[in-house]
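Structure first, commentary second.
Side chains included, hydrogens not; waters and symmetry mates left out as well; all remaining heavy atoms used. All values reported here derive from a predicted model rather than from experimental measurement.
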Amino acid sequence: MQIAMYEQKQVSLHDEFPKFTSREVAIDQIKKRGQKRAYTCPFCEEFLTLRAGNTNEPHFAHIRDKSCLMSQAYEQYEKQIKRESSKHSVIRDVIFDDLSTQGKYKPDLKVEHGYQAKLQESWKIVPDIVVKKGSKQFGISILTNVHQKGDENLVKLIRKRQKYFKEKELDVIWFVEDRELSVDLTYRVLFLWESEILLTNKTSWDSKWDDLIHELSDNDTYPLYEVFNYHGRTEIANDVRSLYYVNSNQDEITFSVYRMILDELQSPYRAFAVSSGYNIQLSEALVIQDQLRLSNDDLEERHMALFKSDFAKAIDSMMEEYRETYVPQYTQKPAPLPTRPTVKKQETPKKHQEELEVVHWDDGTVAYLINKLKSGYITERDAAKLEYYLRHNRELVVFKGWELRDIQAMASAALGRIDDPKVRIHLIEIEDL
């Protein structure tokens with residue numbers, strides 16, 4: 001065991017050794033103090049002595065050579081975190097202290113170190129901290145030393161722990177030291193290690209982001225990633241996930257929240273950054289409701305609004321570039337398909353009008369609909385919305401720099417590609433405005 005009580009304070013050998021002129025002097029002096037009953041076990045208060053042989057690293061041991069159950073659990077935990085950096089214990093202890101403070105005024109909240117909470121159940125692997133809120137409980141684990149050299153071994157370790165926690169039916173929240181955080185917002189890309197991918201979570205805010213992505217991409221028929229200049233390596237499923245980075249410096253500990261959609265799950269690993277990430281203070285991130293808050297509602301809503309605005313601006317920019325290069329052919333229209341129905345010109349039914357969402361130019365919706373028409377892949381509902389807008393806002397379309405006949409030419413071209421009669425009805429209406 002690496003810790004002991006000394007002069008009413010908990011000390012560790014890691015911190016004690018540098019206080020002496022050499023390792024040999026440190027071992028000699030600490031061993032003498034132990035022989036004179038200067039060190040006690042933090043758990044059972046039995047006296048400890050220093051063991052320092054040729055094979056095992058120096059450690060505290062019970063004098064009677066009968067470790068208490070808690071010290072045995074702690075020794076097992078020490079082996080579990082041996083790979084971590086010195087920052088691990090600092091981050092863990094600050095989080096533990098903050099959560100324990102909340103427990104003083106929340107009677108149904110209990111915060112324990114993992115090795116304490118799972119002592120009676122004899123868990124082989126434990127999270128750093130276990131939080132119990134009423135009948136619910138969850139774990140918190142911190143990972144440091146996440147880097148390329150150890151990524152392959154760390155991946156195996158994480159999978160082993162996640163499998164074990166799942167078997168034990170314990171949800172665990174992971175925090176990653178941010179020393180390896182790498183993001184390029186110009187291309188909205190997060191560069192990742194495989195170990196980082198394994199530590200992503202799915203939260204209620206991620207589900208809200210899913211809804212927004214679905215709204216903008218319209219069931220994946222629109223190249224949303226191309227709009228944001230993200231060079232995906234595969235067809236990406238709209239599944240937003242979160243990753244929490246933790247930063248420790250001399251003054252404070254802060255968390256960084258990143259929302260992302262994972263790309264192809266093989267090296268080199270990357271993800272589409274749906275948000276630019278934001279920092280959140282410890283006291284705000286660790287507020288416990290049913291779970292840790294780990295988010296700032298105002299900042300999340302602001303990032304979602306910014307994402308939607310950036311999407312609209314990018315569409316406008318794409319359409320501006322298209323207007324500069326597009327040369328419509330007016331001399332003749334594409335020959336209609338043999339199955340093209342003869343459709344009587346008609347207004348969109350009043351009932352249908354009431355069901356359509358309100359379309360606005362300035363939020364990028366119209367540019368979005370026109371670009372869908374240009375691509376030749378437009379849904380019935382979007383075609384109906386565009387037809388209705390063009391029919392009642394011709395002057396505004398011209399004012400914004402568009403020629404109605406350009407849009408009509410796009411409708412004609414789309415008729416040559418789309419067989420769905422429900423969509424074709426609206427395309428013909430646009431063509432004949």
Side-chain angles (χ1 to χ4, degrees), residues 1-100 111-119 122-130 140-147 149-150 153-154 157 161 175 177 179 246 248-250 253:
M1 186 166 59
Q2 295 295 304
I3 61 172
M5 294 301 295
Y6 176 72
E7 293 300 304
Q8 299 182 355
K9 291 183 180 180
Q10 183 172 295
V11 298
S12 71
L13 289 177
H14 179 271
D15 295 328
E16 291 296 291
F17 270 43
K19 296 178 181 179
F20 298 91
T21 56
S22 68
R23 177 183 175 87
E24 290 74 19
V25 172
I27 290 175
D28 179 67
Q29 289 298 311
I30 295 174
K31 186 175 289 187
K32 286 179 180 179
R33 293 175 186 176
Q35 291 170 347
K36 296 183 178 182
R37 306 297 194 261
Y39 298 102
T40 58
C41 174
F43 310 111
C44 69
E45 299 183 355
E46 286 284 341
F47 294 114
L48 301 176
T49 188
L50 183 69
R51 300 277 177 84
N54 295 326
T55 55
N56 297 324
E57 64 177 313
H59 62 279
F60 289 111
H62 289 65
I63 289 179
R64 297 178 182 177
D65 206 25
K66 290 185 179 180
S67 297
C68 63
L69 290 177
M70 189 66 76
S71 65
Q72 290 176 6
Y74 184 78
E75 287 171 3
Q76 179 177 297
Y77 172 68
E78 282 182 329
K79 294 177 182 178
Q80 178 181 311
I81 63 173
K82 187 175 180 179
R83 67 163 302 280
E84 307 296 343
S85 72
S86 58
K87 285 188 176 182
H88 177 272
S89 60
V90 175
I91 296 169
R92 176 199 63 204
D93 292 345
V94 171
I95 292 175
F96 182 85
D97 291 343
D98 190 277
L99 294 176
S100 297
V111 182
E112 295 180 289
H113 290 290
Y115 63 86
Q116 293 174 310
K118 300 305 175 184
L119 173 66
S122 301
W123 281 26
K124 297 178 181 179
I125 305 171
V126 295
D128 293 306
I129 300 169
V130 171
I140 297 173
S141 283
I142 302 115
L143 281 179
T144 57
N145 279 342
V146 178
H147 49 75
K149 185 177 179 180
N153 290 331
L154 182 56
L157 181 148
R161 293 183 184 178
F175 295 110
E177 187 182 11
R179 56 179 285 181
V246 60
S248 171
N249 55 45
Q250 295 180 346
I253 290 178

Please round to the nearest 0.5 Å and tell me the distance separating atom [atom1] of [X] and atom [atom2] of [Y].
{"X": "Phe47", "Y": "His62", "atom1": "CZ", "atom2": "NE2", "result": "11.5 Å"}
{"X": "Ile3", "Y": "Ser89", "atom1": "CD1", "atom2": "OG", "result": "11.0 Å"}
{"X": "Ser71", "Y": "Gln76", "atom1": "OG", "atom2": "CD", "result": "11.5 Å"}
{"X": "Ser248", "Y": "Glu177", "atom1": "OG", "atom2": "CD", "result": "8.0 Å"}
{"X": "Leu119", "Y": "Cys68", "atom1": "CG", "atom2": "SG", "result": "9.0 Å"}
{"X": "Glu78", "Y": "Lys82", "atom1": "CD", "atom2": "NZ", "result": "10.5 Å"}

Would you say the side chain of [Y] lies within less than 4.5 Å of the side chain of [X], judging by non-hydrogen atoms?
{"X": "Met5", "Y": "Gln10", "answer": "yes"}
{"X": "Phe96", "Y": "His113", "answer": "yes"}
{"X": "Leu99", "Y": "Ile140", "answer": "yes"}
{"X": "Phe60", "Y": "Ile30", "answer": "yes"}
{"X": "Leu157", "Y": "Arg83", "answer": "yes"}
{"X": "Thr40", "Y": "Glu46", "answer": "no"}
{"X": "Cys41", "Y": "Met1", "answer": "yes"}

task: Check for a donor-acceptor pair, side chain of Gln29 on one end and backbone N or O of Phe20 on the other, with a separation under 3.5 Å.
output: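 Such a contact is absent between Gln29 side chain and Phe20 backbone.
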
message: Tell me if a side-chain donor or acceptor on Glu7 pairs with a main-chain N or O of Ala38 at a distance below 3.5 Å.
response: no

query: Is there a side-chain contact (heavy atoms from CB on, under 4.5 Å) between Ile81 and Ile142 once you walk through the steps?
result: CA-CA 10 Å; Ile81 63 173; Ile142 302 115; over 6 Å; no

Pairing residues for [X] by the side-chain hydrogen bond (donor to acceptor under 3.5 Å, both in side chains) criterion, not counting sequence neighbours:
{"X": "Arg92", "answer": "Tyr77"}
{"X": "Ser85", "answer": "Thr144"}
{"X": "Lys31", "answer": "none"}

- prompt: Given Tyr74 and Gln116, is the side-chain contact (heavy atoms from CB on, under 4.5 Å) satisfied, shown in steps?
  reply: CA-CA 8 Å; Tyr74 184 78; Gln116 293 174 310; over 6 Å; no

message: Show, in sequence, the C-alpha distance, side-chain angles and deciding distance for Gln80 and Arg161, and conclude whether the side-chain contact (heavy atoms from CB on, under 4.5 Å) test is met.
response: CA-CA 10 Å; Gln80 178 181 311; Arg161 293 183 184 178; 3.3 Å; yes

task: Show your working on side-chain contact (heavy atoms from CB on, under 4.5 Å) between Arg33 and Tyr6 and close with a plain yes or no.
output: CA-CA 10 Å; Arg33 293 175 186 176; Tyr6 176 72; 3.5 Å; yes

query: What heavy-atom pair brings Ala4 and Leu48 nearest, and what distance separates the two atoms?
result: CB-CD1, 3.6 Å

Closest contact, heavy atoms only, Pro58 versus Ile27: CG-CD1, 4.3 Å

message: Whether the Asn145 and His88 side chains hold a donor-acceptor pair (N or O, under 3.5 Å, no angle test) is what I'd like checked.
response: no

message: Check this for me: Glu45, atom CD, are more than 12 non-hydrogen atoms of other residues, nucleotides or ligands nearer than 6.0 Å?
response: no

